[in-house]
Amino acid sequence: MNDKFKELIINTPDYVFIPVEEESLCLLKSRNVYSLSLIGKLNNNNVFSSVSGKAIGMGKNITTSGEMNTLVIENNFKDMKQFLYPAVRSFSTYKKEEIKELLEKFSLLKTNVSNNVLCIYIEYIKDTLITDSYIFNKYVKEILETIDLLSEFYSSKSIKIIVNNKDDLSSYLIRNYIGTYPNMEVIYSSSSLKEDVKKIIIKNKNIIEYSLSSLLSCYIALKYKKYNNVNYISLKYKDHLYVCETINGISVKDILSSSSINEENITLRGTKTVDTTASDSIITEDINSILVK
C-alpha cells in the first residue's frame with residue numbers, strides 16, 4: 001500500500017468487454033483467447049485482449065466515445081500467454097526502425113514533424129483526478145527514460161513537461177530527477193492543464209503530445225514488446241478519493257462492486273467526459289477517472 005494514496009484492490013472480473021470491429025476479428029477456431037494477444041482492429045488500430053479465456057459473442061457497452069460494439073471474453077483466470085515477454089536489457093540496443101515498429105504495433109506512434117516539441121502533461125485536479133500523480137510516483141524513472149528515448153526518436157528540439165502547481169508530489173519528483181535530463185523544461189500551471197497544452201500548441205504548432213498513461217504504455221511496449229493491459233483510474237465517491245489498478249475492458253459495475261459501492265449514476269472522464277450508468281459502461285485505455293454521483 002502506497003501511503004501517499006488510498007488504493008483500492010479491484011477483483012479480476014469474470015468477463016471483459018473489448019471494443020473491436022466484428023469484421024476485423026482474428027480469433028482461433030476454438031475462440032480461445034490468450035492474454036495480451038491480438039484479437040482484431042478498431043479504427044485501423046490493433047486491439048488486444050486484457051485476459052485469457054473464451055470469446056463468447058459480441059455486445060454493446062458505453063465508453064467515452066459513446067456506445068461501441070465489444071467482444072465479450074469469459075475470463076479463465078489463468079492469464080495464459082501465447083508468447084514469452086523477456087525484458088530488453090537496454091533501450092540503446094534498438095534501431096530507430098525497431099522503435100517505430102513497436103510503437104506502431106501498439107498504436108502509440110505519433111506523426112513526426114520537423115522542429116517538433118515533445119509535450120508531456122501530468123494532469124491533476126485536487127480531490128478529483130490524481131491518476132497521473134500516482135503513475136508518476138510509481139514509475140518516475142521509467143517515465144523519464146521513455147521521454148528521453150522518444151525525444152531522440154522524434155528528433156525533438158525540446159521537451160516540455162506541464163505540471164499543475166498544486167500537484168506537490170509530481171513537482172517534488174521532477175525537482176529530484178530532472179537534473180539528469182537537462183533537455184527537459186518544466187512548466188508549472190495554475191489553470192487547466194488542457195488549456196495550457198493548447199496554449200503551447202498555438203506557440204509551437206509542430207508538437208508531439210503524450211499523456212502519462214500512454215508514456216507508460218510506450219515503456220512497456222519497448223521494454224517487454226507487449227501490450228499494456230493495466231489501467232490506473234481515480235475513483236471519487238462521496239468524500240473519498242481512491243486510485244484503482246484495473247484492466248482494460250472491465251465493467252465499471254465490477255469496479256464499484258469490488259469497492260462495495262452500490263451506485264449506478266457515474267461520470268467517466270477520458271478523452272471526453274460522459275454521464276452514464278455503471279452497468280452499461282466499461283474501462284478503456286483513455287479513461288482516467290470515475291466520479292460516482
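This one's a predicted model, so the numbers in the text were calculated from it and none came from an experiment.
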**Student:** I'd like to know if the side chain of K60 pairs up with that of N69 as donor and acceptor (distance under 3.5 Å, no hydrogens or angles considered).
**Tutor:**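 Yes, side-chain donor-acceptor contact under 3.5 Å.
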
**Student:** Is the backbone of I220 close enough, under 3.5 Å, to the side chain of K226 for a donor and an acceptor to pair up by distance?
**Tutor:**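 Side chain of K226 to backbone of I220: no pair is present.
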
**Student:** Look only at the side chain of N206 and the backbone of S114, and say whether a donor-acceptor pair between them is shorter than 3.5 Å.
**Tutor:**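 Pair found, side chain donor or acceptor close to backbone of S114.
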
**Student:** Is the number of heavy atoms from other residues, nucleotides or ligands within 6.0 Å of NZ (K81) greater than 12?
**Tutor:**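 Yes, the 6.0 Å shell around NZ holds more than 12 heavy atoms from other groups.
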
**Student:** Find out whether T284 and N231 are in side-chain contact, i.e. whether some heavy atom of one side chain is under 4.5 Å from a heavy atom of the other.
**Tutor:**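 Not touching, per the 4.5 Å side-chain cut-off.
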
**Student:** State, with a plain yes or no, whether a side-chain heavy atom of S50 is found less than 4.5 Å away from one of I18.
**Tutor:**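 A side-chain contact exists here, since the closest heavy-atom pair is under 4.5 Å.
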
**Student:** Do the non-hydrogen side-chain atoms of Y227 and E285 ever get within less than 4.5 Å of each other?
**Tutor:**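 Yes, close enough: below the 4.5 Å cut-off.
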
**Student:** Given 3.5 Å as the limit, does a donor-acceptor pair link the side chain of S30 with the main chain of N32, or not?
**Tutor:**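 Confirmed, S30 side chain pairs with N32 backbone.
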
**Student:** Using a distance-only test with no angle check, is there a side-chain donor-acceptor pair under 3.5 angstrom linking Y94 and E101?
**Tutor:**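 There is no such pair between these side chains.
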
**Student:** Which is it for E245 and V230 under the side-chain contact (heavy atoms from CB on, under 4.5 Å) test, yes or no, and what are the steps along the way?
**Tutor:** CA-CA 7 Å; E245 178 180 329; V230 175; 3.6 Å; yes

**Student:** Ignoring hydrogens and angles, tell me if any N or O in the side chain of S258 forms a donor-acceptor pair with the backbone of N11 under 3.5 Å.
**Tutor:**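 Side chain of S258 to backbone of N11: a pair is present.
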
**Student:** Any side-chain to backbone donor/acceptor pair from S24 onto K41? Under 3.5 Å, distance only.
**Tutor:**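 Yes; judged by distance alone, with no hydrogens or angles, the pair exists.
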
**Student:** I want to check something: taking the side chain as every heavy atom from C-beta on, are P19 and N61 in contact at a cut-off of under 4.5 Å?
**Tutor:**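 Side-chain contact under 4.5 Å: no.
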
**Student:** Any donor-acceptor pair under 3.5 Å linking the side-chain atoms of T277 with those of S279?
**Tutor:**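 No, no side-chain donor-acceptor contact under 3.5 Å.
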
**Student:** Identify the heavy atoms of D132 and Y121 that sit nearest to each other, and give their distance.
**Tutor:**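 Closest heavy-atom pair between D132 and Y121: OD2-O, 3.6 Å.
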
**Student:** Distance check, rounded to the nearest 0.5 Å: I207 atom CD1 versus S158 atom OG?
**Tutor:**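 So the CD1 of I207 and the OG of S158 are separated by 9.0 Å.
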
**Student:** Is the shortest side-chain heavy-atom distance between V88 and L222 below 4.5 Å?
**Tutor:**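 Not touching, per the 4.5 Å side-chain cut-off.
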
**Student:** For L256 and A278, work out which heavy atoms get closest and say how close.
**Tutor:**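 That would be CD1-CB, 3.7 Å.
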
**Student:** Just verifying a value: how many Å separate I9 CD1 and T246 OG1, rounded to the nearest 0.5 Å?
**Tutor:**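 Reported to 0.5 Å precision, the distance equals 11.0 Å.
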
**Student:** What class does the angle between the rings of Y219 and Y224 fall in, given that below 30° is parallel, 30 to 60° is tilted and above 60° is perpendicular?
**Tutor:**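 Rings of Y219 and Y224: perpendicular, over 60°.
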
**Student:** Looking just at side-chain N and O atoms, do N288 and S213 make a donor-acceptor pair shorter than 3.5 Å?
**Tutor:**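 There is no such pair between these side chains.
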
**Student:** For the pair I130 and L169, evaluate side-chain contact (heavy atoms from CB on, under 4.5 Å) and give the outcome as yes or no after the intermediate values.
**Tutor:** CA-CA 10 Å; I130 56 174; L169 179 57; over 6 Å; no

**Student:** Do T276 and S281 meet the criterion of a side-chain donor-acceptor pair at a distance under 3.5 Å?
**Tutor:**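 Result is yes, a qualifying pair exists.
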
**Student:** Are E264 and K293 within salt-bridge range, i.e. N to O under 4.0 Å?
**Tutor:**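 So E264 does not pair with K293 through a salt bridge.
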
**Student:** Taking atom types as modelled, find out whether N164 and S189 have a side-chain donor-acceptor pair closer than 3.5 angstrom.
**Tutor:**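 Note: N164 and S189 side chains miss the donor-acceptor criterion.
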
**Student:** Would you say the side-chain atoms of K225 pair up with the backbone N or O of Y85, donor to acceptor, closer than 3.5 Å?
**Tutor:**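 Absent.
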
**Student:** Hey, any chance L129 and L8 share a hydrophobic cluster, counting ILVMFWY side chains that come within less than 4.5 Å of each other, even indirectly?
**Tutor:**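 In one cluster with L129: L8, no.
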
**Student:** Would D79 and S35 count as having a side-chain donor-acceptor pair, cut-off 3.5 Å?
**Tutor:**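 Side chains of D79 and S35: pair found under 3.5 Å.
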
**Student:** Which atoms form the tightest heavy-atom contact between V72 and G59, and what is the distance?
**Tutor:**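 Scanning both residues, the minimum pair turns out to be CG2-N, 4.0 Å.
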
**Student:** Is Y139 linked to I147 within one hydrophobic cluster, defined over Ile, Leu, Val, Met, Phe, Trp and Tyr using a side-chain heavy-atom separation of less than 4.5 Å?
**Tutor:**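 Shared cluster, yes.
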
**Student:** Kindly check if the number of other-residue, nucleotide or ligand heavy atoms within 6.0 Å of CG (N44) is above 12?
**Tutor:**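 Counting neighbours around CG of N44, 12 or fewer heavy atoms of other residues, nucleotides or ligands fall under 6.0 Å, so no.
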
**Student:** State, to 0.1 Å, how close F77 and P13 come at their nearest heavy-atom pair, and which atoms those are.
**Tutor:**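 Smallest interatomic distance, heavy atoms only, reads CZ-O, 3.5 Å.
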
**Student:** Heavy-atom count around K96 NZ within 6.0 Å, excluding the residue itself: above 12?
**Tutor:**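 Counting neighbours around NZ of K96, more than 12 heavy atoms of other residues, nucleotides or ligands fall under 6.0 Å, so yes.
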
**Student:** Report yes if the side chains of Y181 and I159 come closer than 4.5 Å at any heavy-atom pair, otherwise no.
**Tutor:**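 Not in contact.
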
**Student:** Please examine the side chains of F136 and I174, heavy atoms only from C-beta on, and report whether any two atoms are closer than 4.5 Å.
**Tutor:**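 I174 reaches F136 side chain to side chain.
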
**Student:** Begin with the C-alpha distance, continue with both residues' side-chain angles, and end with the deciding distance and a verdict on side-chain contact (heavy atoms from CB on, under 4.5 Å) for S49 and Y34.
**Tutor:** CA-CA 7 Å; S49 176; Y34 290 101; over 6 Å; no

**Student:** Under a 3.5 Å threshold, yes or no: a donor from one side chain and an acceptor from the other, between T93 and S90?
**Tutor:**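 Short answer, no.
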
**Student:** On a heavy-atom basis, which atom in F91 and which in T146 lie closest, and how many Å separate them?
**Tutor:**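 That closest heavy-atom pairing would be CE1-OG1, 4.4 Å.
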
**Student:** Kindly indicate whether the side chain of L216, heavy atoms from C-beta on, has any atom under 4.5 Å from the side chain of L212.
**Tutor:**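 Side chain of L216 against side chain of L212, heavy atoms only: no contact under 4.5 Å found.
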
**Student:** Enter the distance from L150:CG to L118:CG here, rounded to the nearest 0.5 Å.
**Tutor:**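 The CG atom of L150 sits 6.5 Å away from the CG atom of L118.
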
**Student:** Among side-chain atoms of D167 and S133, is any donor-acceptor pair under 3.5 angstrom?
**Tutor:**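 S133 and D167 do have a side-chain donor-acceptor pair below 3.5 Å.
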
**Student:** Output, in order, the C-alpha distance, side-chain angles, deciding distance and verdict of side-chain contact (heavy atoms from CB on, under 4.5 Å) for K236 and R269.
**Tutor:** CA-CA 11 Å; K236 179 68 181 291; R269 186 181 187 279; over 6 Å; no

**Student:** Say whether S234 and T131, considering side chains only, have a donor N or O and an acceptor N or O under 3.5 Å apart.
**Tutor:**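 Checked: S234/T131 side chains pair up, N/O donor to acceptor below 3.5 Å.
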
**Student:** Among V16, D14, N76, which one satisfies side-chain contact (heavy atoms from CB on, under 4.5 Å) with V51?
**Tutor:**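 Exactly one pass, corresponding to V16.
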
**Student:** Should K223 and E145 count as an ion pair when the cut-off is N to O under 4.0 Å?
**Tutor:**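 No salt bridge links K223 with E145.
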
**Student:** Provide the closest heavy-atom pair for S37 versus Q82 in the form atom of the first, atom of the second, distance.
**Tutor:**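 In this case the closest contact between S37 and Q82 is CB-OE1, 4.4 Å.
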
**Student:** Quick one: are the ring centres of Y232 and Y134 less than 6.0 Å apart?
**Tutor:**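 Centroid separation for Y232 and Y134: below 6.0 Å.
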
**Student:** Does R31 use its side chain to pair, donor to acceptor, with the backbone of K54 at less than 3.5 Å?
**Tutor:**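 No, the answer is negative, given that no donor and acceptor are paired below the 3.5 Å cut-off.
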
**Student:** Could you grab the distance from atom CD1 of I282 to atom OG1 of T64, nearest 0.5 Å is fine?
**Tutor:**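 Answer rounded to 0.5 Å: 9.5 Å.
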
**Student:** Nearest 0.5 Å, what's the CD1-SG distance between I233 and C244?
**Tutor:**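 Result: 4.5 Å between the selected atoms.
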
**Student:** Could you check whether K166 makes a cation-pi contact with Y124, meaning its NZ or CZ is under 6.0 Å from the centre of the six-membered ring and within 45° of the ring axis?
**Tutor:**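 No.
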
**Student:** Could you tell me if the ring centre of F48 sits under 6.0 Å from that of F106?
**Tutor:**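 Yes, close enough.
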
**Student:** Spell out, yes or no, whether M68 and I290 are grouped together once hydrophobic residues are joined by side-chain heavy atoms under 4.5 Å, including indirect joins.
**Tutor:**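 Cluster IDs for M68 and I290 match.
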
**Student:** Would you kindly confirm whether V252 and V274 end up in one hydrophobic cluster when ILVMFWY residues are joined by side chain heavy atoms under 4.5 Å apart?
**Tutor:**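 Different hydrophobic clusters.
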
**Student:** When rounded to the nearest 0.5 angstrom, what is the spacing between CG in N262 and NZ in K253?
**Tutor:**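 So the CG of N262 and the NZ of K253 are separated by 6.5 Å.
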
**Student:** Tell me whether L108 shares a hydrophobic cluster with V113, the cluster being built from Ile, Leu, Val, Met, Phe, Trp, Tyr side chains joined at under 4.5 Å.
**Tutor:**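 No, L108 does not connect to V113 through the hydrophobic network.
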
**Student:** Assess whether atom CD of E142 is packed by more than 12 heavy atoms of other residues, nucleotides or ligands within 6.0 Å.
**Tutor:**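 Correct, the count exceeds 12.
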
**Student:** Looking at E7 and K138, does any basic side-chain N land under 4.0 Å from a carboxylate oxygen?
**Tutor:**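 The answer is no: the pair does not qualify as a salt bridge.
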
